[in-house]
Amino acid sequence: MCMTTKTTNTMNTTNERNASTAGVAEAVGAAGASGVAENVRLDFAKSAPKVFRALIGFDAAAREGLDPALVELIQIRASHLNHCAYCLHMHTNDARKAGESEDRLHMVAVWREAPHFFSARERAALALTEAVTLVAADGVPDDVYAEAAAHFDDRELAQTLALIFAINTWNRVALSTAKRAGTDQR
């Protein structure tokens with residue numbers, strides 16, 4: 001009996017998944033030759049405006065008192081790790097507008113191999129960004145946390161952590177709702 005129930009539940013789940021996939025396939029098919037379906041995913045800002053505004057407020061509060069260049073480096077690195085092209089495009093453009101050099105932008109993904117491009121403080125923030133972004137893999141190692149704490153006072157460290165939490169949330173919003181790189185309308 002348990003085997004039959006499990007098999008039936010598996011079949012129902014598979015059928016539901018196939019129906020869902022078929023709906024997405026229809027939407028993609030309707031997109032035509034471009035292969036990009038329009039309006040397949042919801043507009044998070046319109047569908048959950050209170051939550052969206054709260055995220056904007058959290059993001060703004062997290063940035064307070066932090067060096068704008070450091071803010072962009074953190075957001076760029078988290079977006080690399082999360083494979084979020086939408087946020088990566090947005091934050092590299094923001095960094096350029098703020099005067100960040102192309103050399104440093106190109107080196108963010110390989111900052112460990114090019115440490116001379118970044119200050120000790122920036123390297124500590126990038127290491128913390130990686131640990132928090134990939135927290136499920138190894139947690140936040142004590143040495144990474146200690147190095148960040150050596151470069152930031154308690155308030156700055158809390159702000160840096162909050163910024164890392166914020167960009168990881170934004171990456172997840174953009175990825176979950178299939179935001180396309182280059183479509184930022186700020």
Side-chain angles (χ1 to χ4, degrees), residues 9-10 12-64 66 68-98 100 104-106 108-111 125-140 158-186:
N9 287 342
T10 302
N12 288 342
T13 302
T14 303
N15 289 340
E16 289 168 6
R17 229 182 277 129
N18 289 342
S20 175
T21 304
V24 172
E26 285 176 21
V28 171
S34 71
V36 178
E38 296 298 322
N39 301 319
V40 173
R41 306 271 176 106
L42 62 82
D43 180 328
F44 189 79
K46 288 181 183 173
S47 299
K50 247 177 122 169
V51 175
F52 191 78
R53 284 191 305 275
L55 285 174
I56 290 170
F58 179 67
D59 184 88
R63 295 165 181 260
E64 281 183 24
L66 292 177
L70 182 65
V71 167
E72 294 307 330
L73 293 176
I74 289 169
Q75 293 178 125
I76 289 166
R77 187 63 188 131
S79 298
H80 282 145
L81 295 169
N82 288 320
H83 301 264
C84 185
Y86 179 83
C87 292
L88 184 59
H89 182 265
M90 179 190 323
H91 293 296
T92 53
N93 280 339
D94 289 350
R96 281 184 192 95
K97 289 175 190 169
E100 188 61 76
R104 281 175 36 105
L105 289 176
H106 291 295
V108 174
V110 293
W111 66 270
L126 290 168
L128 186 62
T129 300
E130 289 179 358
V132 173
T133 300
L134 304 173
V135 71
D138 297 311
V140 178
Q159 294 295 125
T160 300
L161 284 167
L163 179 67
I164 297 166
F165 304 156
I167 187 56
N168 274 280
T169 301
W170 285 123
N171 289 165
R172 281 150 179 77
V173 169
L175 290 165
S176 299
T177 60
K179 299 290 277 180
R180 288 192 354 236
T183 62
D184 175 41
Q185 297 176 0
R186 292 179 299 141

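Considering every non-hydrogen atom in both F44 and V51, the closest pair reads CZ-CG1, 3.8 Å. Minimum heavy-atom separation, C84 to A174: SG-CB, 3.7 Å. The nearest pair of heavy atoms linking A69 to E100 is CB-OE1, 4.1 Å. Residues L134 and L81 approach most closely at CD1-CD2, 4.2 Å, considering heavy atoms.
To the nearest 0.5 Å, the span separating CD on E72 from CE on M90 amounts to 9.5 Å. Rounding to the nearest 0.5 angstrom, the gap separating the CZ atom in F165 from the CG atom in D59 is 13.5 Å. Atom CG of D184 is separated from atom CG of N93 by 8.5 Å, given to the nearest 0.5 angstrom. Taken to the nearest 0.5 Å, the OG1 atom of T129 stands 7.5 Å off from the CG atom of L163. Residue R41 holds its CZ atom at 13.5 Å from CG of D43, rounded to the nearest 0.5 Å. Interatomic distance, CZ of R63 versus CZ of F58, reported as 11.5 Å (0.5 Å rounding).
Q159 contributes a side-chain N or O that, together with a main-chain N or O of E64, makes up a donor-acceptor pair within less than 3.5 Å.
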Practice item. Report the C-alpha distance between R172 and N168 in whole Å, list the side-chain angles of each, state the deciding distance to 0.1 Å, and finish with yes or no for side-chain contact (heavy atoms from CB on, under 4.5 Å). Key: CA-CA 6 Å; R172 281 150 179 77; N168 274 280; 3.2 Å; yes
Practice item. Verify side-chain contact (heavy atoms from CB on, under 4.5 Å) between W111 and E130, making sure each step is shown before the conclusion. Key: CA-CA 11 Å; W111 66 270; E130 289 179 358; 2.6 Å; yes
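R96 places a side-chain heavy atom less than 4.5 Å from the side chain of L105.
For the side chain to side chain contact (heavy atoms under 4.5 Å, CB included) criterion with R77, the lone passing option out of I167, L128, V108, I164 is V108.
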